[in-house]
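To start, the structure itself, in structure tokens.
Note that ligands are numbered from 1 as they come in the structure, with each ligand's atoms numbered from 1 the same way. All residue numbers refer to positions in the sequence shown, counting from 1.
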Amino acid sequence: MSSNQIKKLVRGIPEPTIRRMPLYLSYLKTLDLNEKTYISAPKMAKVFGFDATQITKDIGYTNVVGKTRVGFDIKELIPAIEDFLGFNKKNDAFLVGVGNLGAALTKYGGFEKTGFKILAAFDIDPTKVGTEINNTKVLHLDKFQNLAERMHVTIGIITVPDEYAQQIADKMVSWGIKAIWNFAPTPIKANEDIIVENTSIYSNLAVIIKKLK
Ligand code: ATP
């Protein structure tokens with residue numbers, strides 16, 4: 001993790017902490033509560049390869065306090081992390097670009113446990129407009145603004161080809177979108193008041209390929 005990232009704060013919380021929390025949550029949910037009711041920071045440290053002090057510090061943001069020797073009450077910790085992450089609230093999104101990646105994200109059921117839902121997908125290809133992906137309608141891009149306003153959708157996902165990503169981002173912003181999750185390889189730019197998360201699968205891939213060599 002770069003020192004640049006470590007300094008970044010989101011509402012007073014270090015961004016790396018926010019990135020680690022979903023990892024803790026997913027792991028805690030795999031535990032059998034009949035076998036285990038408490039988990040210690042050193043045990044979690046072993047699982048994740050992080051420092052135990054770091055884990056205690058991260059969990060401290062949820063206000064859950066560990067018990068000496070036994071650690072954190074898992075039943076208390078799971079909803080506390082969900083609450084911290086806002087995963088227990090509704091977060092609705094619209095997606096633009098129903099290619100293979102866009103369709104896969106639209107289909108993906110795993111988002112449900114985070115309260116995140118892709119309410120509709122948009123495209124300009126007439127062979128795609130009017131179809132459905134697992135009950136999610138694919139609509140023409142022309143309908144985006146009106147529907148976003150009516151449905152109070154403020155998150156946009158971009159899965160169009162790279163060359164169109166910035167133009168879609170600009171449109172989304174002009175249509176009232178406040179947060180953009182971009183999957184096109186080139187990072188998109190927007191005003192500072194817009195939340196932009198660029199997810200380049202090629203960066204992860206590059207690390208794997210380079211390490212293999
Ligand atoms: P497919 O072959 O099914 O299109 P793909 O993943 O190779 O799959 P891409 O070329 O990456 O597709 O395009 C992704 C989607 O983005 C396509 O469905 C395409 O119609 C759509 N798209 C491209 N330009 C725009 C645009 N300006 N606005 C909305 N959708 C667009």
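- Within the listing of ligand 1, atoms 20 (O) sit less than 4.0 angstrom from a heavy atom of D125.
- Counting heavy-atom neighbours within 6.0 Å of K29 NZ, excluding the residue itself, gives a total above 12.
- If you check which protein heavy atom lies closest to atom 7 (O) of ligand 1, you get N100 ND2, 4.0 Å.
- Residue, atom and distance of the protein heavy atom nearest to atom 16 (O) of ligand 1 are G97 CA, 3.4 Å.
- Under 4.0 Å from ligand 1, heavy atoms of V160 appear from its side chain as well as its backbone.
- No more than 12 heavy atoms of other residues, nucleotides or ligands shown are found within 6.0 angstrom of OH on Y164.
- Distance from atom 26 (C) of ligand 1 to its nearest protein heavy atom, with residue and atom name: I124 CD1, 3.5 Å.
- Cluster membership check: V65 does not share its hydrophobic cluster with L28, using side-chain heavy-atom separations under 4.5 Å among Ile, Leu, Val, Met, Phe, Trp and Tyr.
- Both tests do not hold together for R20 against F48: distance to the six-membered ring centre under 6.0 Å, angle to the ring axis within 45°.
- Among all heavy-atom pairs drawn from A121 and T106, the shortest one is CB-OG1, 4.2 Å.
- In T159, the part holding a heavy atom less than 4.0 Å from any atom of ligand 1 is the backbone.
- Shown in contact with V98 at under 4.0 Å from a heavy atom are these atoms of ligand 1, numbered in order with element: 15 (C), 18 (O).
- In terms of protein heavy atoms, atom 24 (N) of ligand 1 is closest to Y164 CD1, 3.5 Å.
- Every atom of ligand 1 with a heavy atom of L141 under 4.0 Å away is listed here by number and element: 28 (N).
- Between the side chains of T127 and D125, at least one donor N or O lies within less than 3.5 Å of an accepting N or O.
- With distances taken over non-hydrogen atoms, the option nearest atom 17 (C) of ligand 1 out of V138, D123, L95 is D123.
- Closest to atom 12 (O) of ligand 1, if we only count protein heavy atoms, is G99 CA, 3.8 Å.
- In this structure, the ring of Y24 has its center no less than 6.0 angstrom from the ring center of Y27.
- Here is the list of ligand 1 atoms found below 4.0 Å of a heavy atom in V96: 29 (C).
- Annotation for E163: atom CD counts as buried by contact number, over 12 foreign heavy atoms lying within 6.0 Å.
- A salt bridge links E197 with R19: at least one charged nitrogen is closer than 4.0 Å to a carboxylate oxygen.
- When hydrogens are left out, the protein atom nearest atom 23 (C) of ligand 1 is P161 CD, 3.5 Å; that is the closest non-hydrogen contact.
- Shortest contact from atom 28 (N) of ligand 1 to any protein heavy atom: I168 CD1, 3.5 Å.
- Atom 3 (O) of ligand 1 has its closest protein heavy atom at K128 NZ, 2.9 Å.
- For Y38 and F72, the gap between ring centers reaches or exceeds 6.0 Å.
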